[in-house]
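Each ligand, and each atom within it, is numbered from 1 in the order the structure gives.
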Amino acid sequence: MNKLAIYPGTFDPFTNGHLDIVLRSVRLFDRFIIAITTNAKKTPLFSVPERKELIEKSLPAGNNITVESFDGLLVDYAEKKGCIILIRGLRAVSDFEYELQMALLNRRLKPAIETIFKMPSEEYSFLTSSAVKEIAQLGGCVDGLVPPAVKSALIEKFKINQQSILAKI
Ligand code: COA
């Protein structure tokens, strides 16, 4: 059987915590898709093509992973791909309620689709994309929190943002 899993998220930006979940999951499947939602509830810092490129640059060479984006319902996208397995990370008890709700709603929408939860390494259990953005924006060090490509992109993004603020003054 050709086993396919989808790891969906906003990935704004992709962190070492996300990468940890990917590396823990990918060897269990023949094919693995990291799927970026285009209908994010939050206003993203990085565009979808930027997020896709940053994820691709952060993955180990010679992998069985593809990075795609989707709009609409996740379960519809999964069905279109012929995929019945969704991967989500559970960092702490605080994630549980939100993840349980999402998994049960997705199951209600498409009973054939299962959600599998992976625990990240504890060193990433406190990590969020918002925290990483805030640290970078305020000039803090994000080494070890995000892959090198993401670190460079954050530095570049906030430099550009600061320049555009200065240009308006
Ligand atoms: N390491 C580090 N951070 C992690 C993490 C990990 N292992 N797992 C989650 N996070 C963080 C993310 O960085 C993000 O932080 P932020 O809030 O500071 O940005 C937060 O936890 C949650 O982000 P993410 O895992 O990307 O999920 P999401 O809640 O943004 O997106 C989707 C969830 C895309 C799967 C969901 O919204 C979806 O399916 N959308 C499509 C529409 C749909 O089908 N809706 C019905 C759902 S029932």
Side-chain angles (χ1 to χ4, degrees), residues 4-28 32-56 58-59 65-81 83-138 140 142-151 153-154 157-158:
L4 166 68
I6 292 177
Y7 178 38
T10 307
F11 306 118
D12 183 47
F14 192 68
T15 67
N16 281 346
H18 295 128
L19 181 60
D20 182 68
I21 296 288
V22 171
L23 298 180
R24 281 172 199 283
S25 311
V26 74
R27 62 203 166 87
L28 306 174
F32 196 85
I33 298 175
I34 301 176
I36 307 167
T37 179
T38 59
N39 49 346
K41 288 165 221 148
K42 317 151 196 170
T43 311
L45 176 66
F46 293 99
S47 67
V48 170
E50 284 174 328
R51 278 179 269 161
K52 181 175 187 293
E53 190 185 337
L54 289 176
I55 296 173
E56 282 167 347
S58 305
L59 298 174
I65 308 168
T66 51
V67 186
E68 299 189 356
S69 59
F70 71 99
D71 48 26
L73 286 175
L74 173 60
V75 288
D76 288 341
Y77 166 74
E79 192 177 57
K80 235 184 290 165
K81 290 279 159 189
C83 176
I84 56 161
I85 301 169
L86 303 175
I87 302 289
R88 292 289 292 168
L90 261 190
R91 289 162 299 171
V93 181
S94 51
D95 283 344
F96 181 76
E97 215 169 291
Y98 172 64
E99 293 297 338
L100 176 72
Q101 185 193 26
M102 212 158 53
L104 294 182
L105 280 171
N106 282 333
R107 185 189 286 166
R108 172 79 186 242
L109 291 168
K110 299 271 182 216
I113 294 179
E114 283 297 328
T115 305
I116 294 179
F117 294 101
K118 302 292 294 179
M119 317 295 168
S121 162
E122 62 224 36
E123 64 183 299
Y124 303 125
S125 58
F126 54 87
L127 196 54
T128 68
S129 295
S130 304
V132 160
K133 284 182 279 193
E134 187 173 331
I135 294 167
Q137 185 169 22
L138 299 174
V142 292
D143 281 342
L145 302 181
V146 292
V150 175
K151 178 187 169 184
L154 282 166
K157 188 67 90 176
F158 287 119

Chemist: Considering only heavy atoms of Ile21, which atoms of ligand 1 have at least one such atom less than 4.0 Å away?
Modeler: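 Once the distances to Ile21 are compared, the set is 7 (N).
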
Chemist: Write down the atom of Ala131, the atom of Thr128, and the distance for their closest heavy-atom approach.
Modeler: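 Smallest heavy-atom distance, with atoms named: N-OG1, 3.0 Å.
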
Chemist: If you measure every N/O of Ser129 against every N/O of ligand 1, is any gap under 3.5 Å?
Modeler: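 Ser129 vs ligand 1: N/O contact under 3.5 Å present.
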
Chemist: Any donor-acceptor pair under 3.5 Å linking the side chain of Thr15 with the backbone of Gly17?
Modeler: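 Answer holds: yes.
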
Chemist: Hey, does Thr10 come in under 3.5 Å of ligand 1, counting only N/O atoms on both sides?
Modeler: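 It does: an N or O of Thr10 is found under 3.5 Å from an N or O of ligand 1.
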
Chemist: Please report the shortest heavy-atom distance between Leu127 and Leu145, naming the atom on each side.
Modeler: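 Shortest heavy-atom contact: CD2-O, 3.4 Å.
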
Chemist: Pick whichever of Asn16, Val146, Leu73 has a heavy atom sitting closest to atom 43 (C) of ligand 1.
Modeler: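 Checking each option, the heavy atom nearest atom 43 (C) of ligand 1 is found in Leu73.
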
Chemist: Any idea which part of Leu74 is under 4.0 Å from ligand 1, heavy-atom wise: side chain, backbone, both or neither?
Modeler: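 Both parts.
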
Chemist: Contact between ligand 1 and Gly72 is defined here as a heavy atom of the residue under 4.0 Å from a ligand atom; is it met?
Modeler: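 The answer is yes, since Gly72 has a heavy atom less than 4.0 Å from ligand 1.
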
Chemist: Please confirm whether Tyr7 comes within less than 3.5 Å of ligand 1 when only nitrogen or oxygen atoms on both sides are compared.
Modeler: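 For ligand 1, there is no N or O atom that lies under 3.5 Å from one belonging to Tyr7.
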
Chemist: Look at atom 12 (C) of ligand 1 and say which protein heavy atom is nearest, naming residue and atom and giving the distance to 0.1 Å.
Modeler: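 It is His18 NE2, 3.6 Å.
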
Chemist: Please evaluate residues Lys110 and Asp76 with respect to the criterion salt bridge (Lys or Arg N to Asp or Glu O under 4.0 Å), reporting the C-alpha separation (whole Å), side-chain torsions for both, the decisive distance (0.1 Å), and the verdict.
Modeler: CA-CA 8 Å; Lys110 299 271 182 216; Asp76 288 341; 3.6 Å; yes

Chemist: Does any N or O in the side chain of Lys52 come within less than 3.5 Å of the main-chain N or O of Ile36, such that one atom is a donor and the other an acceptor?
Modeler: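 Looks like no, no N/O pair under 3.5 Å.
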
Chemist: Looking at ligand 1, is there an atom of it that comes within less than 4.0 Å of some heavy atom belonging to Arg88?
Modeler: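 In this structure, Arg88 qualifies as a contact of ligand 1 - some heavy atom is under 4.0 Å.
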
Chemist: Do any heavy atoms of Asp12 fall under 4.0 Å from ligand 1?
Modeler: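 Contact absent.
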
Chemist: Which atom pair, heavy atoms only, marks the closest approach of Arg88 to Thr115?
Modeler: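 Result for this residue pair: CG-CG2, 4.0 Å.
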
Chemist: Which atoms of ligand 1 have any heavy atom of Leu105 under 4.0 Å away?
Modeler: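 Answer, ordered by atom number: 48 (S).
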
Chemist: Measure the spacing between CD1 of Ile116 and CD1 of Ile85 and express it to the nearest 0.5 Å.
Modeler: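 It comes to 4.5 Å.
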
Chemist: Give the minimum heavy-atom separation between Ser69 and Val48, together with the two atoms involved.
Modeler: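 Distance-wise, the nearest heavy atoms are CB-CG1, 3.5 Å.
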
Chemist: Hey, can you tell me if Phe32 and Tyr7 have their rings parallel, tilted or perpendicular (30° and 60° cut-offs)?
Modeler: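 The rings of Phe32 and Tyr7 sit tilted, inter-plane angle from 30° to 60°.
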
Chemist: Using heavy-atom distances only, which candidate in Phe70, Phe126, Tyr98, Tyr77 approaches atom 29 (O) of ligand 1 most closely?
Modeler: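 When every heavy atom of Phe70, Phe126, Tyr98, Tyr77 is considered, Tyr98 comes closest to atom 29 (O) of ligand 1.
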
Chemist: For Gly144 versus Asn16, what's the shortest heavy-atom pair and its separation?
Modeler: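 Shortest heavy-atom separation between Gly144 and Asn16 comes out as O-ND2, 2.8 Å.
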
Chemist: Write out the residue and atom name of the closest protein heavy atom to atom 34 (C) of ligand 1, then the distance separating them to 0.1 Å.
Modeler: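 I find the closest protein heavy atom is Thr37 CG2, 3.6 Å.
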
Chemist: Would Ile33 and Tyr77 count as a side-chain contact (heavy atoms from CB on, under 4.5 Å) here? Give the steps.
Modeler: CA-CA 11 Å; Ile33 298 175; Tyr77 166 74; 3.4 Å; yes

Chemist: Please report which non-hydrogen protein atom sits nearest to atom 36 (C) of ligand 1, along with the residue it belongs to and the distance in Å to one decimal place.
Modeler: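 Closest protein heavy atom to atom 36 (C) of ligand 1: Met102 SD, 3.9 Å.
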
Chemist: With a 4.0 Å cut-off on heavy atoms, is Ser130 in contact with ligand 1?
Modeler: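 A heavy atom of Ser130 does come that close to ligand 1.
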
Chemist: For Phe11, counting its heavy atoms only, list the atoms of ligand 1 lying under 4.0 Å from any of them.
Modeler: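 Taking each heavy atom of Phe11 in turn, ligand 1 has 26 (O) under 4.0 Å.
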
Chemist: To the nearest 0.1 Å, how far is atom 37 (O) of ligand 1 from its closest protein heavy atom, and which atom is that?
Modeler: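 Going by distance alone, atom 37 (O) of ligand 1 is nearest to Lys41 NZ, 4.0 Å.
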
Chemist: Looking only at distances, please establish whether an N/O atom of ligand 1 is found under 3.5 Å from an N/O atom of Arg91.
Modeler: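 It does: an N or O of Arg91 is found under 3.5 Å from an N or O of ligand 1.
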
Chemist: Students should be able to answer this: which protein heavy-atom is nearest to atom 3 (N) of ligand 1, and at what distance?
Modeler: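 Here the nearest protein heavy atom works out to Leu127 O, 3.1 Å.
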
Chemist: Looking only at protein heavy atoms, which one is nearest to atom 23 (O) of ligand 1, and how far off is it?
Modeler: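 Ranking protein heavy atoms by distance from atom 23 (O) of ligand 1, first comes Lys42 NZ, 4.1 Å.
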
Chemist: If I compare all heavy atoms of Leu59 with all of Phe14, which pair ends up nearest, and what's the gap?
Modeler: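 Taking Leu59 first and Phe14 second, the nearest heavy atoms are CD2-CZ, 4.5 Å.
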
